[in-house]
Student: 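Structure below; questions to follow.
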Amino acid sequence: MASEIRTRIYDVVARIPRGRVATYGQIAELAGVGGHARQVGYALHALGGDSPLPWHRVVNAAGQVSRRDDPADEVFQRALLKAEGLRFSAAGRLDLGAVRWKPRSGRPHSSGA
DNA sequence: TGCTTGACATAAT
DNA sequence: CATTATGCCAAGC
């Protein structure tokens, strides 16, 4: 497999828990390819939607769904996120401070949420 | 082999 | 807060 980074990206995206979202840059970093945020989106685009990966949990740094070929897909993605209990702002953005996936099993040793 | 494109991110205006 | 400009690096042709 030449594009090994893409394989890693898929692996990270598959780890996004339900009710949470991750940014492209974050995924790239978790995948061990920090800096290739664009390749993350590119890899997901290559999936086409025929993949079992929760690609809909991947948004850009603005907490907004990125633009794609079909604007209908954007609505579709937001619909999937809303179905997971996520909240969208009036501008159609997510509150990353609340729904951002924190790949840390560690607890703040002082009351969690 | 080399140029262009891209489901992004960040800083500046 | 929204928009514009620049940087980054791999995939596609």
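Every chain is numbered from 1, with letters handed out A, B, ... down the list of sequences. As a basis for the values below, the full set of heavy atoms in this structure was taken, side chains included, without hydrogen atoms, waters or symmetry mates.
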Student: Using modelled atom types and a 3.5 Å cut-off, is there a donor and acceptor pairing between side-chain atoms of A/Asp70 and backbone atoms of A/Ala72?
Tutor: no
Student: In whole Å, I'd like the distance from the CZ atom of A/Phe76 to the P atom of B/dA7.
Tutor: 18 Å
Student: Give one of base, sugar-phosphate or nothing for A/His45, where a contact means two heavy atoms less than 4.0 Å apart.
Tutor: base
Student: Under the 3.5 angstrom rule, does the side chain of A/Tyr42 hit a backbone N or O of A/His36 as a donor-acceptor pair?
Tutor: no
Student: Quick check: does any side chain N or O of A/Asn60 sit under 3.5 Å from a backbone N or O of A/Gly63, one acting as donor and the other as acceptor?
Tutor: yes
Student: Do A/Arg67 and A/Glu74 come close enough that some side-chain heavy atom pair is under 4.5 Å?
Tutor: yes
Student: Round to a whole Å and report the spacing from CG of A/Leu47 to P of C/dA11.
Tutor: 14 Å
Student: So which heavy atom on A/Gln64 is nearest to which on A/Gly92, and how close?
Tutor: CG-O, 3.8 Å
Student: For the pair made of CG in A/Asp69 and C1' in B/dT5, what is the distance, rounded to whole Å?
Tutor: 13 Å
Student: From the set B/dA9, B/dC8, C/dC9, return the single nucleotide nearest to any side-chain atom of A/Gln39.
Tutor: C/dC9
Student: For A/His36 and C/dG7, give me the distance from atom NE2 to atom P, rounded to whole Å.
Tutor: 17 Å
Student: Which nucleotide, C/dG12, B/dA7, C/dC9, lies nearest any side-chain atom of A/Tyr24?
Tutor: B/dA7
Student: Which whole-number value in Å describes the distance from A/Ile16 CD1 to B/dA7 C1'?
Tutor: 13 Å
Student: Base, sugar-phosphate alone, or nothing: which one does A/Gly25 contact when heavy atoms must sit under 4.0 Å apart?
Tutor: sugar-phosphate
Student: Students often get this wrong, so: under 4.0 angstrom with heavy atoms, is A/Tyr42 touching a base, only sugar-phosphate, or nothing?
Tutor: sugar-phosphate
Student: Strictly below 4.0 Å, N to O, side chains only: are A/Glu84 and A/Arg57 in salt-bridge contact?
Tutor: yes
Student: Let me know the distance between CZ of A/Arg8 and P of C/dC9, rounded to the nearest Å.
Tutor: 16 Å
Student: Could you check how far CG of A/Leu96 sits from P of C/dC1, rounded to whole Å?
Tutor: 12 Å
Student: Can you say whether a donor on the side chain of A/Arg38 sits under 3.5 Å from an acceptor on the base of C/dC9, or the other way round?
Tutor: no
Student: Could you pull out the protein-nucleic contacts involving nucleotides 2-4 of chain C (nitrogen or oxygen on both sides, under 3.5 Å)?
Tutor:
| from | atom 1 | to | atom 2 | distance (Å) |
| --- | --- | --- | --- | --- |
| C/dA2 | OP2 | A/Arg93 | NH1 | 2.5 |

Student: Quick check for you: to the nearest 0.5 Å, what is the distance between A/Gln77 atom CD and A/Trp55 atom CH2?
Tutor: 5.0 Å
Student: Under 4.0 Å, heavy atoms only, any strand: does A/Glu74 hit a base, just the sugar-phosphate, or nothing?
Tutor: nothing
Student: Starting at atom CD1 of A/Ile9, determine the distance to atom P of C/dC9, rounded to an integer number of angstrom.
Tutor: 14 Å
